[in-house]
Protein chains: 2
Amino acid sequence: MDEFDFINKVKPDRIFQQNVKVAIGDDAAIYESSHGFHQVVCVDTMVEGVHFLRNLSSPFEIGYKALAVNVSDLAAMSAIPLYYFISLAVPSNWNEDDLIEIYEGMKKLSEEYKMDLLGGDTVSTSDKLVITVTVIGEVEEGRKTLRSNAKNEDIVFVTGTIGDSAAGLAILLGQTSIHNESLKRYFTEKHKMPIPQVKAGRLIGDLKRASLNDISDGLASELNEISEASHVGITIDKDALPLSDELLTLQSTSLLQDWALYGGEDYELVGTTSPDSWEKLTKDCNELGIKITKIGFVDSSHKEVMLKSKNQEYIKLKKSGYNHFKKS
Amino acid sequence: MDEFDFINKVKPDRIFQQNVKVAIGDDAAIYESSHGFHQVVCVDTMVEGVHFLRNLSSPFEIGYKALAVNVSDLAAMSAIPLYYFISLAVPSNWNEDDLIEIYEGMKKLSEEYKMDLLGGDTVSTSDKLVITVTVIGEVEEGRKTLRSNAKNEDIVFVTGTIGDSAAGLAILLGQTSIHNESLKRYFTEKHKMPIPQVKAGRLIGDLKRASLNDISDGLASELNEISEASHVGITIDKDALPLSDELLTLQSTSLLQDWALYGGEDYELVGTTSPDSWEKLTKDCNELGIKITKIGFVDSSHKEVMLKSKNQEYIKLKKSGYNHFKKS
């Protein structure tokens, strides 16, 4: 494979953002930042056999998801996604067509946000494919939806529904069997091609104050991060957890709860805001057709993350979350 | 290895840049861009067994170099290095102490430039260590030292000396033997811990116009990139190539020339500027003690990269450069 030839094949044929001064093709990319905005940057890596299995996902899906999980981090900072960089360490059993499909998967998602691919690196390795994506976005100066922003009496909320991605993974791994093909597709799609909650992140950033996390490692883990960073206790109402109608068609209730709390990879947003702001947020979300659910509150009576069930039983939600296909 | 515990161990205990708004510890980092500057970003990946061999380099040296090669790309854009992100895909035969040493190597170099580590990712993989570094710098608006900037009659220059790194690699691989220990150390150090030419890059960016590349794949390859991007021919004077006194102590002249032209990983800068600007540049470099050498000129009589020797023989310099330890 010729590197220059390959770069020409995956190089975007158009640039969305006018602020791009130098795109792919020199030692580095150059862009102009927007007046009144700060730069938001994060990097995430996905490894074959750990974060994805080649026999379960197409190269297109793998590429899509590698970008999606990074955009989800930007959403959790209330940022506008703008640019991305991709680095691939490629073993010899992946061919050029596979790599082009990975780029196509990213392109598909990036077009939703008018994100520009500004560079990266492709090198060879001996065993497993490693994909590292760097994303850059911008957020208004002074706007920070940090994990440490939670305060007592805040409403705890989550966007969308949770647990579907874990159900999809269980189906893909053959741990759960479902006969209805369209249901099956619903869950596996939720796992393989999650939709980052960028619009919701922007609305939440409009509030006076909000803490925010995206759900990559599972609701319990993300809530614990907010609890620790903000030094507050959180009480979650078990019956309030937003499960999809699709998930509720499945039988085993204890499994559903596990998926919702610990499954991870939902890439929904979980956070807290004051009861006053909560009213504004539900109204704003309603207008854009974004599902958002109150699932509990920041609770000054303890310092942990507790799950309350109908019969007033409390259990402590531990940090343990999603461990991918392999324990790290 | 506990991820949160590990992050705490490698998290910097101070932040240099006042523009950092959110450092390591949330979903993404946030920084403020400087007024009148553009953002410069690049990503590079190094793979165990391809870009470094574990028995030849310490984790500290591997970390140092992974950052250095990225900073060198910023230097080639005349940028001020500011921030970096590190992503590691780690197989089980690398332990936590090794990883901490990788971070220490990066820290050592980053302190030279007051660069801040703002984030990254650590994941497990099955076979070879993969390090991806993202660096961000800033450059004055309108300042672009692009490969495509070369014009006819430009002076072609190179900073420092070339070929030392390739000599170091040959020594490390046992292809060349040297008995003098201090010489040996000189070459292997040049290979393992290259110094990015940030100051030179800044001076070159001060000129009215300059084309610029850093030498990662070898002088011949970088010159070809400038030639192609600028649609110009380049003639290099073989006798003008700046070789170190150390390199000249070695015997085989043809080997030296190969190292200088094709060896790569010098991380010096090669570029072109007008004869007028060349005067200013040599003066500026002199004042800062930076070695810079005229090695040829942009030549309207042909469209390729030609090497001219004393007896007026011309040979074409091909793009083929450094291929690391393994053909890609």
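These figures come from a predicted structure and were not determined experimentally. Chain identifiers are assigned alphabetically (A, B, ...) following the order of the sequence lines, protein sequences preceding nucleic acid strands; residue numbering begins at 1 within each chain.
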Approximate separation, where rounding is to 0.5 Å, of Phe85(B) CZ and Cys42(A) SG
8.0 Å
If one checks every heavy atom of Glu138(A) against chain B at 4.5 Å, the contacting part turns out to be neither
Chain B interface, residue from Asp26(A), Val40(A), Leu74(A) that has the most non-hydrogen pairs under 4.5 Å:
Asp26(A)
Examine whether an atom of Glu225(B) lies under 4.5 Å from a heavy atom of chain A, and if so say whether it belongs to the side chain, the backbone or both; otherwise answer neither.
side chain
Under a 4.5 Å heavy-atom cut-off, does chain B meet the side chain of Val135(A), its backbone, both or neither?
neither
When you compare the side chain of Val22(B) with that of Leu146(A), does any pair of heavy atoms fall below 4.5 Å?
yes
Looking at Asp73(B), Val47(B), Asp44(B), Val41(B), which has the largest count of heavy-atom pairs under 4.5 Å with chain A?
Val41(B)
Proximal component of Lys21(A), with respect to chain B [non-hydrogen, under 4.5 Å]
both
Region of Thr45(B) in contact with chain A, defined by heavy-atom distances below 4.5 Å:
both
Part of Ile136(A) within contact of chain B (heavy atom distance under 4.5 Å)
side chain
Heavy-atom neighbours of Ile195(B) CD1 exceed 12 at 6.0 Å:
no
From OG (Ser33(A)) to CD (Glu32(B)), nearest 0.5 Å:
9.0 Å
Winner by heavy-atom pair count (cut-off under 4.5 Å) against chain A, out of Met77(B), Lys144(B), His35(B), Lys128(B)
Met77(B)
Can you tell if the side chain of Ile30(A) reaches within under 4.5 Å of the side chain of Gln39(B), non-hydrogen atoms only?
no
Roughly how far apart are His38(B) NE2 and Asn19(A) CG, rounded to 0.5 Å?
7.5 Å
Can you tell which of Asn213(A), Asp27(A), Asp121(A) has the highest number of heavy-atom pairs within less than 4.5 Å of chain B?
Asp27(A)
